Amino acid sequence: MTDKIEHLIQYALKVLLIEPEVPISIERSRRPDHGHFTSNIAMLLAKPLRRAPMTIAEEIVKNMGKIPESIEKIEIKNPGFINFFIAPKIYQTVVSDVLIKQQDFGRSELGKGAKALVEFVSANPTGPLTVGHGRQAVLGDSVARILEWNGYQVDREYYYNDAGRQMRILGQSAYIRYRQLLGYDDQLTDEHYQGEYIIDIARSIQEKYGDRFNNQPDHEIFRNTAEEAVFADIRNTLKVLGIVFNSFYNEQSLYDDGLIDDVLKRFKAYGATYEKDGAIWFRAGDFGAADDRVLWKSVVDEATYRLPDIAYHETKIKRGYDLIVDIFGADHHATYPDVIAGLKALGYNTDSIRVLIHQFVTLTRSGEKVKMSTRKANYVTLSELIDEVGKDVVRYFFIMRGMKSHLNFDLALAKTEGDENPVFYLQYAHARICSILRNAEVKGFKNDSRGDLNLLREEETLALLGILGEFEEICILCGKTMEPQTLTTYLQKLAATFHKFYTVHRVITKDKELSRARLDLVRAVKIVMSNGLSLLGINAPERM
RNA sequence: GCCCCCAUAGCUCAGUGGAUAGAGCGCCAGCCUCCGGAGCUGGAAGCACAGGUUCAAGUCCUGUUGGGGGUACCA
């Protein structure tokens, strides 16, 4: 539709011998009395042409040539908007479009089959996933789903660090708990992981091997058993949320494959490093980052996390991904410029990398803030949260706010079942439609019989048709911005418009023709709602 | 000190530079002879502050204030 309108405007501009320096923008009107689409072209041209926008608008409208039937009316409104009113006939075709495409309605070819890698969660296996990880998990998975929907070939990847200090401490924590089980009075320090799960891990070692590893604090069994147990728990939690990764990439393999040495060697060869105080520094400042950074420590003979991070990202490029999406929490926002700088130093173009930074989750319980720290173990785990409120509510809560906003997760509110939870509003709309359709079947309406869509013309009905028509562009918008929250806002609007329609108009009436048309309409709403929810990984229930 | 994010209704949040800023919760007043009242209708109530850019600013820029996160040879 916007194509047609743009064509009309372009035609008029040609007649008027105006060459616009600005792109012609056509938007959906926000208010019904401003038509369905609107253009501000006259106002944009006012300055270069040095003429009043109203006059320009009038001339454009006068010179559009033949107006297609699909456009019912064109109005000019102060201070120079050109408003287009679309014929109901055009609006009504959305319904048949949805019914034909079914579960594919809304897909786009934005990505043109390009390979995309979405890296998210990437929590080190030192403890159960926290509520904070949950936000990232849901965000990342939703972004991945949206990209797939828009024609990308998407892989989900989890990167974890199994080579550094944190894992050593994890092993030590397990050892100390093991010693305690053996009856010694070893104590954990603040540095260690305090969680109950460490005791379980220690117990499993003790049950299997007794005191065989006593006095062997550095034995790999502690670290390995802990890592394995924690990872099994993490995978399980993610699975419950409906999140499945294509690959888990571990830091150790970068060392094993010699990639760390290789990157460092090239850095040195390119003169991107220097030595200072016995450490090896990267001239990150020369490649767009704020400050130079240490790559190789002097106090211990090992790399800082930046070096493997850079090597890891190089593999993403080498593995042939056209789009690389990194999802980080706000606490990591300072690290990605170093990675970008590192890749630039290695000679790569980094335009294909999109870094999405999400803000923190503030967890409140009975009005009190709960600080989340894996080490202190005074947190609510993601898994506990899912158990209490269900997967759909968890997913919805994490995605219903923009990623740049701090997310206030009120446990008390989330735990209450019922109408406080906005996700039910969407699911209810879907279930309600299913109920109508069941009812229709009982009354003898066939599932595949189509009605005369021309009968769909009341105010509330046209509003619903309009919302349905927006779905495709919303999907594309989400694909570009990678902000799934736009979709939740849309689905809320869709549900609201449907509920309003429902209260005003009966779907199944004595008028068979009208009933058939309205059944088509609600079937279309059901499909769009279901497609939208599936992009967020949320169920669309038939009954509630 | 420096860097990043945020500030919209009593609370939690929407709002692709456009024309009268929207929801939910809470509060007040209504709507079931009829497809699911987990719904619908109406009411009170708001863009932190000060400049600037623009025909047009909640939206962009600068500053101020307030909150969160960074700024490590932890990740």
Side-chain angles (χ1 to χ4, degrees), chain A residues 25 27-31 33-34 38 40 42-44 46-47 52-53 77-81 83 122-124 126 160-161 163-167 169 191 251 276-281 290-291 293-300 302-306 308-309 329-335 337 357-360 362 400-410 413 417-422 424-425 427-429 431-440 442-443 473-474 477 480-481 485-486 488-490 492-493 495-496 498-509 515 518-519 522 543-544:
Chain A
S25 104
E27 300 176 336
R28 276 184 190 270
S29 305
R30 291 185 179 179
R31 301 162 49 80
D33 53 309
H34 292 149
T38 185
N40 61 356
M43 284 173 290
L44 296 178
K47 189 140 199 188
K77 281 276 174 71
N78 258 321
F81 291 102
N83 296 330
S122 295
N124 287 338
T126 57
Y160 65 102
N161 176 323
R165 183 169 164 273
Q166 288 187 25
M167 298 307 292
I169 293 171
E191 196 177 50
E251 184 189 10
K276 195 175 87 181
D277 309 327
I280 300 173
W281 291 68
D291 300 300
R293 303 291 184 186
V294 170
L295 285 180
W296 202 274
K297 303 173 192 177
S298 61
V299 290
V300 193
E302 64 181 24
T304 66
Y305 63 89
R306 297 176 210 280
D309 273 1
D331 55 338
H332 280 59
H333 91 265
T335 71
I357 308 274
H358 66 87
Q359 297 301 308
F360 273 26
T362 312
M400 69 192 218
R401 304 300 181 217
M403 69 178 97
K404 286 179 185 169
S405 303
H406 291 260
L407 175 66
N408 191 326
F409 201 115
D410 186 341
L413 178 72
E417 295 180 14
D419 41 5
E420 283 98 344
N421 276 317
F424 290 140
Y425 185 70
Q427 293 182 318
Y428 181 62
R432 208 177 209 183
I433 293 170
C434 291
S435 171
I436 296 170
L437 296 179
R438 284 192 296 269
N439 202 283
V442 172
K443 299 239 166 89
E473 50 205 70
I474 291 287
L477 183 65
K480 287 178 180 164
T481 62
Q485 189 233 15
T486 309
T488 65
T489 308
Y490 169 81
Q492 284 290 334
K493 208 164 79 177
F498 164 72
H499 285 310
K500 196 174 289 188
F501 161 83
Y502 174 89
T503 28
V504 179
H505 303 290
R506 272 190 74 83
V507 175
I508 300 167
T509 65
S515 301
R518 286 184 177 164
L519 282 167
V522 300
R543 301 170 200 267
M544 294 174 68

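Note that the structure is a prediction, hence the values are computed from the model and not measured. Naming: A, B, ... by sequence-line order, numbering from 1 per chain.
Nearest to the side-chain atoms of A:Thr304 among the listed nucleotides B:rC3, B:rC73, B:rG18 stands B:rC73. When distances are taken from the side chain of A:Arg438 to each of B:rA75, B:rG36, B:rC35, the shortest belongs to B:rG36. With B:rC74, B:rC35, B:rA19 as the choices, the nucleotide that has an atom nearest any side-chain atom of A:Arg506 turns out to be B:rC35.
Rounded to the nearest Å, the gap between the C1' atom of B:rU20 and that of B:rU33 is 40 Å. For the C1' atoms, the distance linking B:rA23 with B:rG67 amounts to 24 Å, nearest Å. Rounded to the nearest Å, the gap between the P atom of B:rU53 and that of B:rC11 is 34 Å.
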Under the 3.5 Å Watson-Crick or G-U criterion, the dot-bracket string of RNA chain B, with | for inter-strand pairs: (((((((..((((....[...)))).(((((.......)))))....(((((..]....))))))))))))....
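Between A:Tyr425 and B:rG36 there is no side-chain N or O to OP1 or OP2 distance below 4.0 Å. The phosphate of B:rG17 (OP1 or OP2) has no side-chain N or O of A:Ser25 nearer than 4.0 angstrom. When the side-chain nitrogen and oxygen atoms of A:Lys77 are compared with OP1 and OP2 of B:rA19, none of them lie within a distance under 4.0 Å. Between A:Lys443 and the phosphate of B:rC35, there is no side-chain N or O to OP1/OP2 separation shorter than 4.0 Å. A:Lys404 has no side-chain polar atom (N or O) that falls below the 4.0 Å cut-off from OP1 or OP2 of B:rG68. Between A:Tyr490 and the phosphate of B:rA14, there is no side-chain N or O to OP1/OP2 separation shorter than 4.0 Å.
Using a 4.5 Å heavy-atom threshold, the side chains of A:Arg401 and A:Gln359 count as separate.
A:Gly402 comes within 4.0 angstrom of sugar-phosphate atoms only, judged by non-hydrogen atoms across all strands, and of no base.
For the pair A:Arg30 CZ and B:rA21 C1', the interatomic distance rounds to 9 Å; values are reported in whole Å. Atom CD1 of A:Ile280 and atom P of B:rC73 are 14 Å apart (whole Å).
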